[in-house]
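Beneath this line is the structure, given in structure tokens, with notes to follow.
What you see is a predicted model, and the numbers here were worked out from it, not measured in a lab. Computation of the quantities below employed the complete heavy-atom set of this structure, encompassing side-chain atoms and omitting hydrogens, waters and symmetry-equivalent molecules.
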Amino acid sequence: MNDQEAIVLLKSDNHEAFEYLYRVYCGQVYNFSRLYINSSEDIKEIVQEVFIKLWETRSFLRENDNLKGYLFIVTRNLIFNRQKKAFNENFYKTSVLSAYAQLSIDSCNIEEELQAKELNKYIDKIIAELPPKQQEIFILSRKENLSYKEIAQLMNISEKTVEAHIYKAIRHIKFRIELLIVLWGIWESLN
């Protein structure tokens with residue numbers, strides 16, 4: 001029996017023709033698979049899948065087709081699909097682990113960000129306690145980023161007056177933050 005005769009018989013659901021093709025090409029498919037896959041168990045699975053595919057597509061085969069070429073194309077495609085699947089699974093696992101690690105980092109960043117927001121709120125409350133003119137000058141300097149000269153011109157006062165107001169405002173804010181830190185330290189030590 002040759003390949004053409006086996007294909008004709010195979011198309012007629014002949015099991016002997018299938019066994020003949022398996023005996024002829026099994027070793028070649030196995031050796032070809034070894035070029036790409038290290039695990040003998042995986043190679044055996046590939047060989048089985050190749051011949052299952054041959055059986056499933058037998059009605060589409062033509063007698064003059066290059067059966068050896070067909071089997072190697074099927075083998076190559078199965079190997080590449082398997083490797084692509086393994087790559088995607090590994091990529092997915094890596095992505096999940098990376099996302100988990102990032103989530104841990106992000107939760108720390110979120111916690112720090114919340115603490116910074118709370119501190120900013122506290123500072124804003126302290127600024128609101130300043131005398132109105134001092135508060136306005138401090139906001140123009142620190143939040144609007146105006147220079148002492150620009151503030152002096154805008155408010156019709158001297159630069160020295162602006163400087164004095166900023167100094168007093170910073171001293172007051174610094175004192176209140178230091179007080180907060182001391183109280184927080186005491187609270188932490190009690191817990």
Report task. Output yes when R34 and D42 qualify as a salt bridge under the 4.0 Å nitrogen-oxygen rule, no when they do not. Result ->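 No, this pair does not count.
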With a 4.5 Å cut-off on side-chain heavy atoms, are [Y] and [X] touching?
X    : Y    : result
E45  : L78  : no
F32  : L71  : no
I166 : R142 : yes
E129 : R176 : yes
S141 : V162 : no
I157 : I137 : yes

For residues [X] and [Y], report the shortest heavy-atom separation together with the two atoms involved.
X    : Y    : answer
I170 : F138 : CG1-CE1, 3.9 Å
H172 : I126 : CD2-CG2, 3.6 Å
A6   : A17  : O-CB, 3.4 Å

Should [X] and [Y] be counted in the same cluster of Ile, Leu, Val, Met, Phe, Trp and Tyr side chains packed under 4.5 Å apart?
X    : Y    : value
I52  : F18  : no
Y122 : F175 : no
Y30  : F80  : yes
I139 : L154 : yes
M1   : F51  : yes

When you measure from the side chain of [X] to the backbone N and O of [Y], does any donor-acceptor pair fall under 3.5 Å?
X   : Y   : value
E5  : N2  : yes
T57 : F60 : no
K11 : L61 : yes

Query - Enclosure of E16 CD (heavy-atom neighbours >12, cutoff 6.0 Å) - result: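 Counting neighbours around CD of E16, 12 or fewer heavy atoms of other residues, nucleotides or ligands fall under 6.0 Å, so no.
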Query raised in the report: H15 vs W55 aromatic rings, parallel, tilted or perpendicular, using cut-offs 30° and 60°?
Result: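 Parallel: the ring planes of H15 and W55 meet at under 30°.
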Query - Nearest-0.5 Å distance, OG1 of residue T75 to OH of residue Y25 - result: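 Interatomic distance, T75 OG1 to Y25 OH, rounded to 0.5 Å: 12.0 Å.
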